[in-house]
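Working notes, structure below.
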Amino acid sequence: MDEATFARRTGLSASDLQQLSQLTLFAGLSNETLMRILAQSVARRFSRGTMLFVQDDPADRFFVMLQGWAKLVRETPDGDESVINVVGANESFAEAAMFAQGKFPVTCILLEDCRLLVVHGPSLLEQMREVPEISFNMLASMSGRLRGFVGHIEQLTTMSTTERVASFLCRLADVSFGPAVVRLPQEKGLVAGRLGMRPETLSRALLQLRHHGVTCNGLDVIMEDVASLKRIGKRKRSE
């Protein structure tokens with residue numbers, strides 16, 4: 001399949017493919033292989049508030065967030081909503097459900113207008129038999145997700161609120177050093193909850209980070225130097 005046909009069928013441009021190739025899930029794959037894997041997938045736009053899938057729905061697909069924010073929630077026994085994760089651009093999610101009991105363990109709600117890649121699960125599983133690299137990448141991606149959850153627990157127990165916010169901003173940045181701009185979701189309270197703090201504490205932490213070259217313009221957070229910001233958390237862990 002040539003690139004023009006692929007783009008018409010899937011809605012993915014050459015820049016989208018470049019963006020996807022940065023994900024662990026698709027790392028090291030040629031454009032030709034990536035197009036073959038995603039031939040049955042489609043990039044779609046969804047409105048804010050869309051319930052992408054519901055807890056216990058059949059898990060026959062997974063997603064890559066190309067633009068926007070979503071929250072993954074689980075209903076507690078007493079009917080309350082517990083936020084499990086907040087997903088931003090360049091993150092894949094829900095792929096592990098295809099290998100578990102075949103059901104989504106959480107509900108996904110979009111926090112703003114989003115553009116997502118919807119990956120057809122059965123098609124990917126078939127491709128995994130023909131392209132072994134995908135299986136290894138899938139394992140690496142899930143392993144990274146597990147390390148991320150372990151790191152999150154470590155942050156909650158060993159890092160100050162300011163250090164947690166700095167680490168979160170660095171994770172969102174698409175560079176390892178130099179300036180960067182990241183956009184927070186409209187519901188900042190979800191970010192605060194994910195980082196184990198109150199919304200007002202998040203605001204105070206962002207103000208404290210002004211001494212480290214961080215400024216805010218609405219939902220946009222501007223960092224003068226990502227590498228300098230990363231050192232805030234590293235200093236704490238080395239003490």
Side-chain angles (χ1 to χ4, degrees), residues 7 10-27 29 31 34 37-38 41-53 61-73 83-97 106-119 124 137-138 140-142 144-145 147-149 151-152 164-195 202 206 214-223 226-227 229-230:
T10 64
L12 291 169
S13 65
S15 61
D16 289 328
L17 285 177
Q18 176 62 29
Q19 180 180 349
L20 291 168
S21 69
Q22 305 304 310
L23 272 66
T24 301
L25 188 59
F26 302 124
L29 303 178
N31 262 20
L34 193 51
I37 292 170
L38 300 177
S41 304
V42 62
R44 293 183 55 193
R45 295 188 180 276
F46 297 86
S47 301
R48 178 185 180 185
T50 297
M51 196 170 290
L52 205 59
F53 53 81
R61 62 206 182 280
F62 73 92
F63 305 85
V64 178
M65 182 68 76
L66 299 173
Q67 181 182 357
W69 287 91
K71 63 178 178 179
L72 304 180
V73 302
V83 178
I84 303 300
N85 199 7
V86 180
V87 180
N90 303 320
E91 291 188 89
S92 61
F93 59 99
E95 61 267 40
V106 295
T107 295
C108 176
I109 304 171
L110 303 187
L111 300 175
E112 56 189 39
D113 293 347
C114 295
R115 182 168 177 257
L116 294 118
L117 175 64
V118 184
V119 182
L124 182 70
N137 285 1
M138 182 71 76
S141 180
M142 292 182 182
R145 193 76 46 80
R147 289 196 302 272
F149 280 124
H152 177 64
R164 271 178 264 162
V165 173
S167 178
F168 178 75
L169 293 175
C170 290
R171 183 172 68 84
L172 293 182
D174 56 2
V175 296
S176 299
F177 56 88
V181 179
V182 300
R183 189 170 182 82
L184 297 178
Q186 294 180 15
E187 297 183 37
K188 287 185 180 179
L190 288 173
V191 174
R194 179 61 180 159
L195 296 177
L202 172 62
L206 287 169
V214 175
T215 55
C216 296
N217 181 15
L219 296 176
D220 292 329
V221 180
I222 301 97
M223 295 172 276
V226 175
L229 206 57
K230 283 183 177 180

Donor-acceptor pair, side chain of T50 and main chain of S47, under 3.5 angstrom = yes
Interatomic distance, W69 atom CH2 to L172 atom CG [nearest 0.5 angstrom] | 4.5 Å
Minimum heavy-atom distance G11-R115, with the two atoms named = O-NH2, 3.0 Å
Non-hydrogen side-chain atoms of Q22 and N90 separated by less than 4.5 Å | no
Measure across V86 and E91 and return the closest heavy-atom pair with its distance rounded to 0.1 Å.
-> O-OE2, 4.2 Å
Per the side-chain contact (heavy atoms from CB on, under 4.5 Å) rule, which among D16, V42, L38, T10 passes with L117?
-> L38
Is there a side-chain contact between L12 and L20, using heavy atoms and a 4.5 Å cut-off?
-> yes
Looking only at heavy atoms, which two atoms of G68 and E112 are closest? And how far apart?
-> CA-OE2, 3.4 Å
The reported gap from OG in S176 to NZ in K230 (rounded to nearest 0.5 angstrom) is 4.0 Å
In this structure, OG of S41 is separated from CZ of F63 (nearest 0.5 Å) by 10.5 Å
Provide the closest heavy-atom pair for I109 versus G49 in the form atom of the first, atom of the second, distance.
-> CG2-O, 4.1 Å
Apply salt bridge (Lys or Arg N to Asp or Glu O under 4.0 Å) to the pair R183 and D220, showing each step before the final yes or no.
-> CA-CA 4 Å; R183 189 170 182 82; D220 292 329; 2.9 Å; yes
Can you tell if the side chain of N217 reaches within under 4.5 Å of the side chain of V181, non-hydrogen atoms only?
-> no
How far apart are the closest heavy atoms of V226 and V175, and which atoms are they?
-> CG1-O, 3.7 Å
For L72 and C108 the tightest heavy-atom approach is CD2-CB, 3.6 Å
Does the side chain of L116 reach to within under 4.5 Å of the side chain of L110, using non-hydrogen atoms?
-> yes
Would you say V118 and F46 make side-chain contact, with heavy atoms under 4.5 Å?
-> yes
Out of curiosity, I37 CD1 to L29 CG, how far, rounded to the nearest 0.5 Å?
-> 5.0 Å
When rounded to the nearest 0.5 angstrom, what is the spacing between CD in Q19 and CZ in F26?
-> 11.5 Å
Between the side chain of E95 and the main-chain N/O of F93, is any donor-acceptor distance below 3.5 Å?
-> yes
If you round to the nearest 0.5 Å, how far is OG1 of T107 from NZ of K71?
-> 10.0 Å
With side chain to side chain contact (heavy atoms under 4.5 Å, CB included) as the test, would you mind laying out the steps for L184 and F168 before giving the verdict?
-> CA-CA 11 Å; L184 297 178; F168 178 75; 4.1 Å; yes
Using a 4.5 Å cut-off on heavy atoms from C-beta on, say whether the side chain of F62 contacts that of L25.
-> yes
Between R48 (side chain) and D113 (backbone), is there a donor-acceptor pair under 3.5 Å?
-> no
